[in-house]
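We count ligands from 1, going down the list as the structure has it; atoms in each ligand are counted the same way. These numbers come from a predicted model, not from an experiment. For the single chain, residues carry numbers from 1 onward in sequence order.
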Amino acid sequence: NSIVLPELANDTIEPHLNLRPKNFDEYPGQERVCENLKVYTQAAKLRGKMLDHCLFHGPPGLGKTTLAGIVAETMGYQIKVTSGPVIERAADLMGILASIESKTILFIDEIHRLPSNVEEILYSAMEDMRLDILIGQGPTARTVKFDLPPFCIIGATTKAGAISAPLRDRFGIQEHLDFYSPESLTKILMRSAKIMNAQLENEAAFLLSTRCRGTPRIANQLLKRILDFALVSNKISIDCDVVNLALKRLGVDSEGLCIMDRDFLKIMKDRYQGGPVGLDAIAAALNEEKSTLEDVYEPYLVYRGFVLRTARGRMLSDLGKNHLDN
Ligand code: ATP
């Protein structure tokens, strides 16, 4: 159990966070992914078979974990949650798999960070529902085969390209989650506001939806801070004025970029004349981990066209330059 993340040990996903949608109807956005998953879950139920292993990939905070919970709920499975970095040794994964019960989803977040010797154990577990355990060493070593009950792995990753081909190929269902449209984010914000007993005006929700980097997690975080500003300034209803004031105080600009996003662009413009420049150099200048820039900040800047990824390095686009100049 120590391997399963402590706060998620009771087979549930963040029970304290009631903002997470529990079913497909409460989950706006990612329409294509949801429609496909509805078909796959229904087909698995009709066949009376376990759902195929699923891989969800896309930038952080877009709802991969939430979707895993929804799939579990839809299938009537229990869910155990763990993550790549906490499974350090092969024995850790064997322990998890050996204790897995029938009709369980094992959700592995950041699956690209599984060490390769751990990954290899997953191959036979996923394909043959079997654990091959090597007992002893040298000439006396022997393999004991251990059958596993029907189970399903849902892997989530921000870096699909970092997953080895043999592991990736074992996921029968692979779905990419993309940034959300303002319309979907408005629905998410209105739902969150209702859960938090806040009066959020439609116009204000739409305004906020255009400033949260297409990401539900950021939308909900900003909404919580905006509620603080509204409360302290005695506003009962959250209108565009409150949203604008709070976003300004939070350093979120007209395109939804945060201070770090703008620093990323400024370094490219001021120190590297717009590039090309390597991510290592930008990370060193910003005093930030390269992986954080790559996973958290860069995808949205590339998605919006402020940064271009070229074979020679990152380039600041005209759009990026204009945004900094305005
Ligand atoms: P990470 O890659 O960092 O693990 P993730 O992709 O797994 O992130 P989640 O943890 O599922 O993202 O979602 C982040 C937050 O955004 C959750 O609290 C959830 O409530 C909310 N959220 C995500 N997608 C949706 C959605 N479609 N509708 C409503 N809320 C959502």
Could you tell me, atom by atom, which parts of ligand 1 come under 4.0 Å of a heavy atom of [X]?
| X | answer |
| --- | --- |
| L19 | 20 (O) |
| D109 | 4 (O) |
| I188 | 26 (C), 27 (N), 28 (N), 29 (C), 30 (N) |
| P216 | 16 (O), 21 (C), 22 (N), 23 (C), 24 (N), 25 (C), 31 (C) |
| P21 | 28 (N), 29 (C), 30 (N) |

Report yes or no: does [X] contribute a side-chain atom to a donor-acceptor pair with the main-chain N or O of [Y] at less than 3.5 Å?
| X | Y | answer |
| --- | --- | --- |
| R168 | I163 | yes |
| Y27 | G63 | yes |
| E127 | Y123 | no |
| H176 | H57 | yes |
| Y77 | L51 | yes |

May I ask you to check if ligand 1 and [X] share an N or O to N or O distance below 3.5 Å?
| X | value |
| --- | --- |
| T158 | no |
| T66 | yes |
| G63 | yes |
| L67 | no |

Option nearest atom 16 (O) of ligand 1 (shortest heavy-atom distance, choices R217, R20, R191): R217

Quick test of your reading of the structure: of H57, K64, K187, whose heavy atom lies closest to atom 2 (O) of ligand 1? K64

Pick one of side chain, backbone, both or neither for how P28 approaches ligand 1, counting any non-hydrogen atom pair under 4.0 Å.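 Both of them.
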
Is there side-chain contact between F56 and D109, with heavy atoms separated by less than 4.5 Å?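 Counting from C-beta outward, F56 and D109 never come under 4.5 Å.
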
Closer than 4.0 angstrom: is that true for some heavy atom of G29 and an atom of ligand 1? no

Say whether Y180 and ligand 1 are in contact under the criterion: heavy-atom distance to a ligand atom below 4.0 Å.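 True for this residue.
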
Pair R130-S124, side-chain donor/acceptor within less than 3.5 Å: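 Distance-only check fails for R130 and S124.
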
Is a salt bridge present between E35 and R32, judged by a nitrogen-to-oxygen distance below 4.0 Å?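 So E35 does not pair with R32 through a salt bridge.
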
Taking D261 first and then R213, would you say they form a salt bridge - that is, a charged N and a carboxylate O separated by under 4.0 Å? yes

